[in-house]
Protein chains: 2
Amino acid sequence: MQDSPTTITPRDTIEDAIVSGILNARIRPGTRLSENQLAGLFGVSRTRVREAMMRLETRCIVHVSPRRGWFVVEPSAEEAMMVYGARRVIEAGLLRSMRALSDEGRAAIRGHLAEEKAAMDAGDRQRLTCLMGDFHIRIAELAGNPVLIEILRDLTARTILISMLYQSDFHALQSHLGHCRIAEAMEDGDFAKAAELSIEHLDEVETGLDLTQRPDPLSELRSSLSLPPRSVPSSDGGTKTKSTTTKGE
Amino acid sequence: MQDSPTTITPRDTIEDAIVSGILNARIRPGTRLSENQLAGLFGVSRTRVREAMMRLETRCIVHVSPRRGWFVVEPSAEEAMMVYGARRVIEAGLLRSMRALSDEGRAAIRGHLAEEKAAMDAGDRQRLTCLMGDFHIRIAELAGNPVLIEILRDLTARTILISMLYQSDFHALQSHLGHCRIAEAMEDGDFAKAAELSIEHLDEVETGLDLTQRPDPLSELRSSLSLPPRSVPSSDGGTKTKSTTTKGE
DNA sequence: TTGGGCTATCTTGCATACAAGCAAGGACAG
DNA sequence: CTGTCCTTGCTTGTATGCAAGATAGCCCAA
């Protein structure tokens, strides 16, 4: 797993490096991303680092705290639910829209499941995290719609951040089995069933999260003092829903 | 429909202004967006204009031709199909995921349909374009998932650009009726049917496009010379699918 | 008239400089 | 010892300057 050389800089290396780091669970949520440090690291000026950050910000992967710094997002419990909700909708819709599985598709899925199994046997948790996310991207790739692939990639990145925050222990086996069931239905050509299984699977994963504790480092203190649990974990801007709609009359 | 005053500049006015302009069909695909002009228009320096452009670029709403300028995207026929495909998946998935319609929800939908009808009667095509797009955002708002809302908003913007490029004439009545049918199924609580209708509706709209001619200004000349139609309309990078996946050893 | 090449101008790409603001640590008064 | 204030350093925010490249128009030659 060699690190990519930072000498050649094909335009958006910084962005990709960070996303890749998150996808591989090497960058934790809340990590501070200093413009100067990154600029030094990549041998460019702050300008280009900033551009990358702006892009990542519109993808909801980092956020800026004014004059304090850039940070990898720490999704709130509410946001986490929304991300899972969006994934349920999109992935179920995607599966339902599929009609048949090509031979390469079948092979790709089987190959992926084998990789998952190998990583599980090897106990390589980082790699497993990454593969678990990739499974869903693989399906999108099968459908061959780049628009959806890109959307799911970003949602997967956010999902991994969520896992790192809220997943107390890793039910790898359970997830793997879920994937296997979905794959089976797909091989049977029963995509409606695959869609249902996909929803169930995401439900399972979501309920496997501990959405009350993690993002609040004071939770232990709070509970030992018998204070009520914080209403909304992240009280800054919250979910950003810009009103760029119609603006009718 | 007053224009927003450009005096107060709350951070991302430029971005919103452009998206809003597209949503209202006031900005055509292919429009050149000069950094200097926008900077002057909004009374800021190029830096901030560039930031806005970068953000819009990650949302696939503008693109940059190196050292030539920024342009509002002109989706290729292929891209157009992908966008419609993504919308079918997401909107059908969304409707299927819905369980019941609140009273406010019902009212919102009815209100929207009334607006569509009014605009149709008034023959206000711009407003109609905008409303037609908004219908689908309204549904997402009903589901109350900000993540999906944001995704659909961007897809809607791209859809409107596609319409402006490929829609020879505007089947407003047909679209409106499609919306009405979907709404009816929703009011009946039959969301599976609403999902199916939604897919049909998007299919109708898509097949109503003329995906062979428009983006190529030479098409008329080409056909009068009996040359074969261009294989792939946009032969530049094509659909950008960055390889930000696993990169596992 | 036509074709080739040059230049003038305008575009973005990128780095840098300066301004504004936050945070932490120390000095100091109570 | 404790609380307050100030200073210092480091962060991002924004503008500007310069360089590289592309385009269009012009001149000139054939």
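Each chain gets a letter, A, B and so on, in the order the sequences are listed, and its residues count up from 1. Just so you know, these numbers come straight off a predicted model, no measurement behind them.
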Practice prompt. Please list, chain by chain and in numerical order, all residues satisfying side-chain contact (heavy atoms from CB on, under 4.5 Å) with B:Arg67, sequence neighbours excluded.
Written response: none
Practice prompt. Check every strand shown and say whether B:Ser65 touches a base, only sugar-phosphate, or nothing at a heavy-atom separation below 4.0 Å.
Written response: nothing
Discussion item. Checking the side chain of B:Thr58 only, and the main-chain atoms of B:Arg55 only, is there a donor and an acceptor separated by less than 3.5 Å?
Written reply: yes
Extract from the structure each pairing of a protein N or O with an N or O of nucleotides 15-19 of chain C at less than 3.5 Å, listing the distance.
residue : atom : partner : partner atom : Å
C:dA15  : OP2  : A:Ser45 : N            : 3.1
C:dA15  : OP2  : A:Ser45 : OG           : 3.1
C:dA15  : N7   : A:Thr47 : OG1          : 2.6
C:dT16  : O4   : A:Thr47 : OG1          : 3.4

Worksheet entry | A:Trp70 CH2 - D:dC10 C1' separation (whole Å) | 17 Å
Worksheet item: If you check every side-chain atom of B:Ser34, which of D:dT11, D:dT23, C:dT12 has the closest atom?
Response: C:dT12
Worksheet entry | Spacing of B:Glu51 atom CD relative to C:dC14 atom P, expressed in whole Å | 15 Å
Discussion item. Rounded to whole Å, please give me the gap between CE in A:Met53 and P in D:dT12.
Written reply: 9 Å
Discussion item. With no hydrogens and no angle check, just 3.5 Å: does a side-chain donor-acceptor pair link B:Arg87 and B:Thr159?
Written reply: yes
Discussion item. A:Asp154 vs A:Cys60, test: side-chain contact (heavy atoms from CB on, under 4.5 Å). Steps then yes/no.
Written reply: CA-CA 8 Å; A:Asp154 287 353; A:Cys60 296; over 6 Å; no
Item to complete: Measure from CG on B:Leu33 to P on C:dC10 and round the result to the nearest Å.
Response: 19 Å
Item to complete: Whole angstrom is fine here: how far is it from CZ in A:Arg68 over to P in D:dT12?
Response: 11 Å
Practice prompt. Using whole Å, report how far CD of B:Glu35 lies from P of D:dT14.
Written response: 16 Å
Item to complete: Take the protein atom CG of A:Asn36 and the nucleotide atom P of D:dT11, then report the distance between them rounded to whole Å.
Response: 6 Å
Discussion item. Please report the distance, rounded to the nearest Å, between CZ in A:Phe71 and C1' in D:dT12.
Written reply: 11 Å
Discussion item. If we check side chain to side chain contact (heavy atoms under 4.5 Å, CB included) with B:Leu155, which of these qualifies: B:Ile160, B:Val83, B:Ile137?
Written reply: B:Val83
Discussion item. Once ring pair (Phe, Tyr, Trp, His ring centres under 6.0 Å) is applied, what residue pairs with a partner in residues 127-150 of chain B remain, sequence neighbours excluded?
Written reply: B:His112-B:Phe135, B:Phe135-B:His179, B:His136-B:His179, B:His136-B:His201
